[in-house]
Amino acid sequence: MSVLEVRSVKKFFGDKRVLDDVNFSLGAGECLGIVGLSGCGKSTLARIIARLIPSDGGKIFLCGEDITHARGNNFYRNMQMIFQLPEDSFDPRMTLGESIAEPIKNFVGGKNLRARVENLLAEVGLPKNYAERYPREVSGGECQRAAIARAISVAPKLLICDEATSALDVTIQAQVVALIKNLCAEKNIACLFITHDLGALSRLTEKIFALEDGRLKNLRASKFWEVLQWN
């Protein structure tokens, strides 16, 4: 059974066709990359899968369950998202430790939250005292590592990375991509990595599709590959 299955998903904004008959599936421990030029609909697809916006057609299955029109947040136990600007995804009034602990309390529960948070910080390469820091007190790369710790805190089946490295400098990008790749392999997490940066994506997976004219295409068969060759 696939962790994620997207069937014939469509999306229109007014008369503009953004997504047209998008189909793919993703298995446990598998990384799938979707690349495309700015404005092609990559983030729209991510937000539809995460149920942040509705689709205009098609179906989405998570762990075999149809979540196309799901309400509430119960399915977020199996799906977590990492965003482009990590500092914007944290509550500035909460410490990093409090933010990482929040999904554990909501979806898993249990005791020893402090120890669990410190273990998660260690998994992403941050010292345990970072649990006491606020998002404004750490660098962008450190904040993104904390966001990854929060995302894996509930042992999700699917991780959606929407431009998760584009706001970081090149050196940090490579480190974060390697971290995501290793964690997904170790924990058997399916990863959907959406970006415009083929360099970052090629370090993560060889299974890469380009989003063009609302549809997914094999990268080397797409016009996007020609643009990359010229650049």
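Note: hydrogens, waters and symmetry copies are ignored here, and every other heavy atom, side chains too, is used. Note that the structure is a prediction, hence the values are computed from the model and not measured.
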Given Glu87 and Arg136, is the salt bridge (charged side-chain N to carboxylate O under 4.0 Å, His left out) satisfied, shown in steps?
-> CA-CA 7 Å; Glu87 61 273 18; Arg136 63 180 180 274; over 6 Å; no
Given side-chain contact (heavy atoms from CB on, under 4.5 Å), test Leu198 with Leu219 step by step and report yes or no.
-> CA-CA 10 Å; Leu198 183 61; Leu219 178 63; 3.7 Å; yes
Hey, mind stepping through Glu163 and Lys42 against side-chain contact (heavy atoms from CB on, under 4.5 Å) and telling me if it holds?
-> CA-CA 9 Å; Glu163 298 283 6; Lys42 304 184 302 298; 3.4 Å; yes
Verdict with supporting geometry, Thr195 and Ile34, side-chain contact (heavy atoms from CB on, under 4.5 Å) | CA-CA 6 Å; Thr195 183; Ile34 296 180; over 6 Å; no
Just do the side-chain contact (heavy atoms from CB on, under 4.5 Å) check on Glu30 and Thr205 with the steps written out, would you?
-> CA-CA 9 Å; Glu30 183 180 14; Thr205 179; over 6 Å; no
Which is it for Arg93 and Asp91 under the salt bridge (charged side-chain N to carboxylate O under 4.0 Å, His left out) test, yes or no, and what are the steps along the way?
-> CA-CA 5 Å; Arg93 300 166 297 180; Asp91 186 336; 3.1 Å; yes
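Taking the charged nitrogens against the carboxylate oxygens, Asp162 and Arg47 do have a contact shorter than 4.0 Å, which makes a salt bridge. Lys10 has no carboxylate O lying under 4.0 Å from a charged side-chain N of Asp56, or vice versa, which leaves the two without a salt bridge. A salt bridge between Glu98 and Arg150 is absent, with no side-chain N of the basic residue lying under 4.0 Å from a carboxylate O of the acidic one. Salt bridge Glu118/Arg116: absent, no basic N to carboxylate O contact under 4.0 Å.
Within 6.0 Å of atom NZ in Lys128, 12 or fewer heavy atoms from other residues, nucleotides or ligands are found, so the atom counts as exposed in its surroundings. At most 12 heavy atoms of other shown residues, nucleotides or ligands fall within 6.0 angstrom of atom NZ in Lys157.
Between the side chain of Asp197 and the main chain of Gly199, a donor-acceptor pair closer than 3.5 Å is present. Thr95 places a side-chain N or O within 3.5 Å of a backbone atom of Ala131 that can act as its donor or acceptor partner. A donor-acceptor contact shorter than 3.5 Å is absent between the side chain of Asn112 and the backbone of Ala115. Remark: side-chain polar atoms of Arg51 are not paired, donor with acceptor, to backbone N or O of Arg71 under 3.5 angstrom. The closest donor-acceptor contact from the side chain of Ser99 to the backbone of Phe90 lies at 3.5 Å or more, if one exists at all. Side chain of Gln80 to backbone of Leu159: no donor-acceptor contact under 3.5 angstrom is found. A donor-acceptor contact shorter than 3.5 Å is absent between the side chain of Arg7 and the backbone of Ile60.
A distance of 9.5 Å separates CG of Leu37 from NE2 of His196, quoted to the nearest 0.5 Å. With rounding to the nearest 0.5 Å, the separation of CG in Asn74 from CD in Glu65 is 9.0 Å. With rounding to the nearest 0.5 angstrom, the CZ atom of Phe83 is 10.5 Å from the CG atom of Asp88. The CD1 atom of Ile67 sits 4.5 Å away from the CG atom of Leu62 when rounded to the nearest 0.5 Å. With rounding to the nearest 0.5 angstrom, the CZ atom of Arg133 is 9.0 Å from the CG atom of Leu126. Between the CG atom of Leu96 and the CG atom of Leu121 there is a distance of 7.5 Å, given to the nearest 0.5 Å.
Taking every heavy atom of both residues into account, Lys207 and Cys31 meet most closely at CB-O, 3.9 Å. Smallest separation of non-hydrogen atoms from Ile48 and Pro54: CG1-O, 4.0 Å. Looking at every heavy atom in both residues, Gln144 comes nearest to Pro86 through OE1-CB, 3.4 Å. Here the closest non-hydrogen pair linking Phe24 and Leu32 is CD1-CD2, 3.3 Å. Residue Cys161 comes nearest to Ile180 through the heavy atom pair SG-CD1, 4.0 Å, listed as atom of the first residue, atom of the second, then distance. Asn23 and Ser8 make their closest contact through OD1-N, 2.7 Å (heavy atoms, listed as atom of the first residue, atom of the second, distance).
Considering only heavy atoms from C-beta on, Leu183 stays 4.5 Å or farther from Ile189 through its side chain. For the pair Leu26/Val3, no side-chain contact is recorded, criterion being any heavy-atom separation below 4.5 Å from C-beta on. The shortest distance between side-chain heavy atoms of Leu158 and Pro156 does not fall below 4.5 Å. Inter-residue side-chain proximity for Leu201 and Phe193 is flagged as met; some heavy-atom pair is nearer than 4.5 Å. Put simply, the side chain of Val22 does not reach to within 4.5 Å of the side chain of Arg215, judged on heavy atoms. Between Asn106 and Asn73 there is no side-chain heavy-atom pair separated by less than 4.5 Å.
A side-chain donor-acceptor contact under 3.5 Å links Gln84 and Ser166. When only modelled atom types and interatomic distance are considered, Thr68 and Asp66 share a side-chain donor-acceptor pair under 3.5 Å.
Here the rule is side chain to side chain contact (heavy atoms under 4.5 Å, CB included) with Leu19, and of Val6, Leu216, Thr44 only Thr44 fits it.
With sequence neighbours excluded, the residues that form a side chain to side chain donor-acceptor pair (under 3.5 Å) with Glu142 are Tyr130, Ser139.
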